[in-house]
A.B. asks: 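This is the structure I want to talk about, given as structure tokens.
The model shown is predicted, which means the values in this text are computed figures rather than measured ones. All values below were derived from every heavy atom in this structure, side-chain atoms included, with hydrogens, water molecules and symmetry-related copies excluded.
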Amino acid sequence: MLDNMPRGTIVIEDIEVGMVRSLRKVVTDADIEMFAQVTTDHNPVHLDDDYAQDTIFAGRIAHGMLTAGLISAVIGEQLPGHGTVYMGQTLKFLAPVRPGDMVLAEVEVTAIDYSRRRVTMETRCLVDGQKVLTGEATVLAPSGKFD
């Protein structure tokens, strides 16, 4: 289930500090299996119930980068949106995401360099109101001057 806000582009000329965009997605077993196939990361903590029960997580968890990918989706589809170029991202993983969890991925504009088209954003993912991932992204935003 994806609960995206409208897709498209917000050009640098229209971006303001404090703008927030988000999406909600339930992470499914199929998502985890597809992510493992695409990335070739078959760590059994993600895929094997018996193995995962004996870890510090006491059960299977989603790949951290799968969760981080939801941040990328918000940036690439909503804020700034289509035409955005990712320049950097820091990540801190705070808690596991499990199959069946509803993840809220949010980005919030914290700084803008209009002359260089650079936007800095606080990034976060939450499950049941608890932060599971935090970070900061820097992107090159599209400009209306080039349309």
A.B. asks: Do Leu126 and Leu70 belong together in a cluster built from hydrophobic side chains that touch within less than 4.5 Å?
C.D. replies: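 Cluster IDs for Leu126 and Leu70 differ.
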A.B. asks: Can you name the closest pair of heavy atoms from Ser143 and Glu13 and give their distance?
C.D. replies: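 Minimum heavy-atom separation between Ser143 and Glu13: OG-OE2, 2.5 Å.
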A.B. asks: So, for Phe93 and Gly64, which heavy atoms are closest and what is the spacing to 0.1 Å?
C.D. replies: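 Shortest heavy-atom contact: CE2-O, 3.3 Å.
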A.B. asks: Quick one: pull up CD in Glu16 and CD1 in Ile112 and give me the separation to the nearest 0.5 Å.
C.D. replies: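 Atom-to-atom, Glu16:CD and Ile112:CD1 are 7.5 Å apart.
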A.B. asks: Checking the side chain of Tyr114 only, and the main-chain atoms of Ile15 only, is there a donor and an acceptor separated by less than 3.5 Å?
C.D. replies: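 Checking the backbone N and O of Ile15 against the side chain of Tyr114, a donor-acceptor pair under 3.5 Å is found.
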A.B. asks: Quick check: is Ile75 connected to Leu133 through a chain of hydrophobic side chains (ILVMFWY, heavy atoms under 4.5 Å apart)?
C.D. replies: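 The answer is yes; both residues are in one hydrophobic cluster.
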A.B. asks: Check Arg98 against Ile61 and note the closest heavy-atom contact, atom names and distance.
C.D. replies: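 Looks like NH1-CG2, 3.8 Å.
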A.B. asks: Go through the steps for Thr120 and Glu136 under the test side chain to side chain donor-acceptor pair (under 3.5 Å), then give the verdict.
C.D. replies: CA-CA 7 Å; Thr120 304; Glu136 181 179 88; 5.5 Å; no
A.B. asks: Distance only, no hydrogens: is a donor on one side chain within 3.5 Å (strictly under) of an acceptor on the other, for Glu106 and Thr123?
C.D. replies: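 There is no such pair (donor and acceptor under 3.5 Å, judged by atom type) between the side chains of Glu106 and Thr123.
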A.B. asks: Test your reading of the model: is there a side-chain donor-acceptor pair from His63 to the backbone of His46, 3.5 Å cut-off?
C.D. replies: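 Not at all, since once roles are kept as given, no pair shorter than 3.5 Å links the two residues.
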A.B. asks: Check whether any side-chain N or O of Asp50 sits under 3.5 Å from a backbone N or O of Ala52 as a donor-acceptor pair, and report yes or no.
C.D. replies: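 No, the answer is negative, given that no donor and acceptor are paired below the 3.5 Å cut-off.
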A.B. asks: Quick test of your reading of the model: are Arg116 and Asp113 salt-bridged, counting only N-O distances below 4.0 Å?
C.D. replies: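 Answer for the salt bridge query: yes.
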A.B. asks: Looking at Glu77 and Arg21, is any side-chain nitrogen of the basic one under 4.0 Å from a carboxylate oxygen of the acidic one?
C.D. replies: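 Looking at Glu77 together with Arg21, the answer is no, because their closest N to O distance does not fall below 4.0 Å.
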A.B. asks: Donor-acceptor pair, Gln78 side chain versus Ser22 backbone, under 3.5 Å?
C.D. replies: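 The answer is yes, because a donor-acceptor pair under 3.5 Å joins these two groups.
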A.B. asks: Just how far is it from atom OG1 of Thr90 to atom CD of Glu122, taken to the nearest 0.5 Å?
C.D. replies: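 Answer for the OG1-CD pair, Thr90 versus Glu122, is 10.0 Å.
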